[in-house]
Amino acid sequence: MSRRTPVTVLSGFLGSGKTTLLNHVLANREGRRVAVIVNDMSEINIDAALVAGQGSLDRTEERLIELTNGCICCTLREDLLDSVGELAKSGRFDTILIESTGISEPMPVAATFDWTFEDGTSLSDHAQLDTMVTVVDAAGFLRELATGDQLAERDLAAAEEDERTISDLLVDQVEFAGLLVVNKTDLVTAEQLARLDAVLRRLNPAARLLHTRQGVVDLAEVLDTGRYDPITAAQAPGWAQELAGGHTPETEEYGIRSVAFRASRPFHPARLMAALSDWDGVLRSKGFCHIATRPDVLAVWSQAGPNLTLEPGQLLDSPQGRQELVFIGVASTSTNRAAAWSRRCSPTRSSRPARCTGARWRTAAGVGPRRPARARLMTGPSTADPAASEAVFAPAEQALLDALPVAGVVADVGPGSGTSTLRLAERADRVYAVDNDEAMLTMVRERAEQAGLGDRVRTVLHDLDEGPVPLPEPVSLIWSGACVHHALSWQDVVSGLAGLLAPGGVLALGEGGLPARCLPWDVGVGRPGLEARLDAAHNEWFTAWFDSRPDVVREARGWPDLLRSAGLEHVTSRSVLLDLPASLSADVREVVLAELAARVGRAQPFLTQDDRAAWNSVLDQASPVWLGNRDDLALLTARTVHIGTRRGAHG
């Protein structure tokens, strides 16, 4: 078989220096006959002397074609196949150099060499993919990675349907390269260059890395190197190597590190979204995960810069929680910070959705301010900050707590951010705050210290589904606010809590009430009754999630009957109405909008297409019908507590 012509593919974002490097190669061919394929003659300045006699310049047009997987990619042009084939068959050239556009992804180009056409021929019959080169702008790479702009925002989209972001493109270009040419090194400090190198090595540990100025590079590094290995290329880049245990996670280099995260419990979508607000410094993450609201779908997680996408990956025969992710970013100065992040992001041991409180990364020096993570989740936007939300509903909860006999030793089960714990601690000698999330308990302790009540508050890490709470002493009161309904067996949990009471002690379950009403019956978008239908869809979501877990016990009885079955007496219920009329304060308005967005996100699978469109419109800040612009938003809801008393010592 005759020698196949080696092909080098040159990729890199706009302004990285691809054309400068290309000009250097052509001006210093050292006798090589080089054929060059570019997309736009106006982007390069190649003198006729450079190509006359020993070179060839072929200009391809931007013609998009569709891959077999339905993906549209600007890298794969119809005439690229013809150009490479014709040049290779001619036998006139020692090598072919393809300069991709600045918005091209290199991997689909490589895939063209494996295509077999209808006549049984392939590009690889005459041409051999030799080197995949990506040129990186030393001064601009981290900055562009952090922006999160879409290509369309800068009029760079390859087609109307091109929804890619710049950060996604940069990562794709780096991860598939066999050679990374870091150009413009004269424009950065030694420390900045070292940090960039560390990021690139994490993203693509297998690639060779070179530093250049003005694109000056040894031609032996980019032409006829034999560096491209299709087997190696088919393997995953840095993120997959990390999942496979390719290196020690604790190793840090210039502040860049990677953390592997594995767990078996699903993520709570709203809490996961809340975690993404603390996303600074995470440059790249990828893997798969499980969202509690989609029990039958294994999701694919992909993040570059501030852009995160969660998309359905695989339908499951049976629900299962499964997380396997790797994060690459700028780490905290404390080596313990990554371990703390893992504890906070780990789904809880319960079958309840996990509280995920976010990665504690810091922004890379020189990168500049980061936007909050822009996530496209299957399950919708985040809730408001827990403390802010609790503050809005505080008057109703305060009225319920004021009616309870708070004295001596009490327990707060499911304390949230600690608002109820602090109120109880003001009247009790000692309060045990019980939760299965260490991050929330840490928040409770911190708030108690700040309020001067630290000596009265104890925290207990425990999952209600794992049996009775291990309190060291009986308590006179247990307050549980909207917590027990997450448990696998409500009756088992209620009976377990009742058993912790001292004789005459009171168990108060803050469960039920009325869903919040915030909108007029007709908001002018969609059919009237939009919020009422959301309530119904949200109930369907909760029922589907609840029933999706193994070992769950359906309970048809109400909370008062559960208290009586636990042996408690004098069972009563009381409700408090919270009525905040229009117009709402800015803080309350923010909480209302966030809570609505969270409910819509969870209930989306159970909403009609028309209702989903209506909610997307009224929750979009750029929309003329955004709810935040209305002055008739209100908040009307009710909180209910069910109370039972344990028999006295002689009762």
Side-chain angles (χ1 to χ4, degrees), residues 10-25 28 102 132-148 166-167 169-171 173-175 177-222 225 227 237-239 241-242 246-259 280-284 304-306 327-335 337-338 360-370:
L10 194 60
S11 301
F13 190 57
L14 298 168
S16 61
K18 297 188 304 299
T19 299
T20 304
L21 189 150
L22 177 60
N23 278 324
H24 169 74
V25 170
N28 300 274
M132 301 296 296
V133 181
T134 293
V135 183
V136 175
D137 179 2
F141 181 85
L142 291 179
R143 181 181 66 251
E144 292 287 8
L145 187 66
T147 62
I166 290 175
S167 51
L169 175 61
L170 290 173
V171 169
Q173 290 176 340
V174 167
E175 287 185 336
L179 173 66
L180 295 172
V181 177
V182 181
N183 194 32
K184 305 182 183 180
T185 56
D186 53 320
L187 301 182
V188 296
T189 66
E191 181 181 357
Q192 290 170 331
L193 182 59
R195 181 173 290 108
L196 173 60
D197 285 351
V199 171
L200 296 175
R201 288 193 178 105
R202 287 296 188 193
L203 292 175
N204 190 345
R208 177 164 170 73
L209 194 149
L210 296 178
H211 293 162
T212 64
R213 299 182 182 184
Q214 300 297 322
V216 177
V217 63
D218 186 348
L219 267 61
E221 294 283 3
V222 295
T225 68
R227 184 173 288 122
W239 64 271
Q241 181 172 338
E242 175 69 26
H247 81 288
T248 304
E250 288 74 21
T251 301
E252 293 194 19
E253 182 179 19
Y254 301 106
I256 306 299
R257 68 176 301 179
S258 54
V259 177
D280 280 355
V282 182
L283 304 175
R284 175 65 161 150
F327 300 87
I328 298 173
V330 183
S332 164
T333 53
S334 169
T335 57
R337 191 65 68 86
R360 301 294 180 179
W361 300 91
R362 59 181 172 84
T363 304
V367 172
R370 293 286 302 275

Query raised in the report: So how far is it from Leu193 CG to Leu200 CG, rounded to the nearest 0.5 Å?
Result: 9.0 Å

Requested in this report: Without swapping roles, check the side chain of Lys184 against the backbone of Ala139 for a donor-acceptor pair under 3.5 Å.
Outcome: no

**Report entry** Contacts of type side chain to side chain contact (heavy atoms under 4.5 Å, CB included), residue Thr134, not counting sequence neighbours
**Finding:** Ser11, Val136, Gln173, Ala177, Leu180

Report summary line: Taken in chain and number order and not counting sequence neighbours, the residues that satisfy side-chain hydrogen bond (donor to acceptor under 3.5 Å, both in side chains) with Thr20 are none

Query raised in the report: Does Asn183 use its side chain to pair, donor to acceptor, with the backbone of Val135 at less than 3.5 Å?
Result: no

**Report entry** Chi angles and distances behind the side chain to side chain contact (heavy atoms under 4.5 Å, CB included) call for Leu142, Val199
**Finding:** CA-CA 9 Å; Leu142 291 179; Val199 171; 4.1 Å; yes

Query - Pairwise salt bridge (Lys or Arg N to Asp or Glu O under 4.0 Å) hits with a residue in residues 205-221, at least two apart - result: Arg208-Glu221, Glu221-Arg227

Query - side-chain contact (heavy atoms from CB on, under 4.5 Å) partner of Phe141, chosen from Val188, Val182, Leu170 - result: Leu170

Query raised in the report: Hey, is the main chain of Glu175 close enough, under 3.5 Å, to the side chain of Asn204 for a donor-acceptor pair?
Result: yes

Query raised in the report: Could you walk me through whether Asp197 and His211 pass the side chain to side chain contact (heavy atoms under 4.5 Å, CB included) check?
Result: CA-CA 10 Å; Asp197 285 351; His211 293 162; 2.8 Å; yes

Requested in this report: Measure the spacing between CZ of Arg195 and OG1 of Thr189 and express it to the nearest 0.5 Å.
Outcome: 8.0 Å

Query raised in the report: Looking at side-chain heavy atoms only, is the closest gap between Phe13 and Asp137 below 4.5 Å?
Result: no

Query raised in the report: Would you say Thr212 and Leu21 make side-chain contact, with heavy atoms under 4.5 Å?
Result: no

Query - By side-chain hydrogen bond (donor to acceptor under 3.5 Å, both in side chains) - contacts of Asn28 (at least two apart) - result: His24

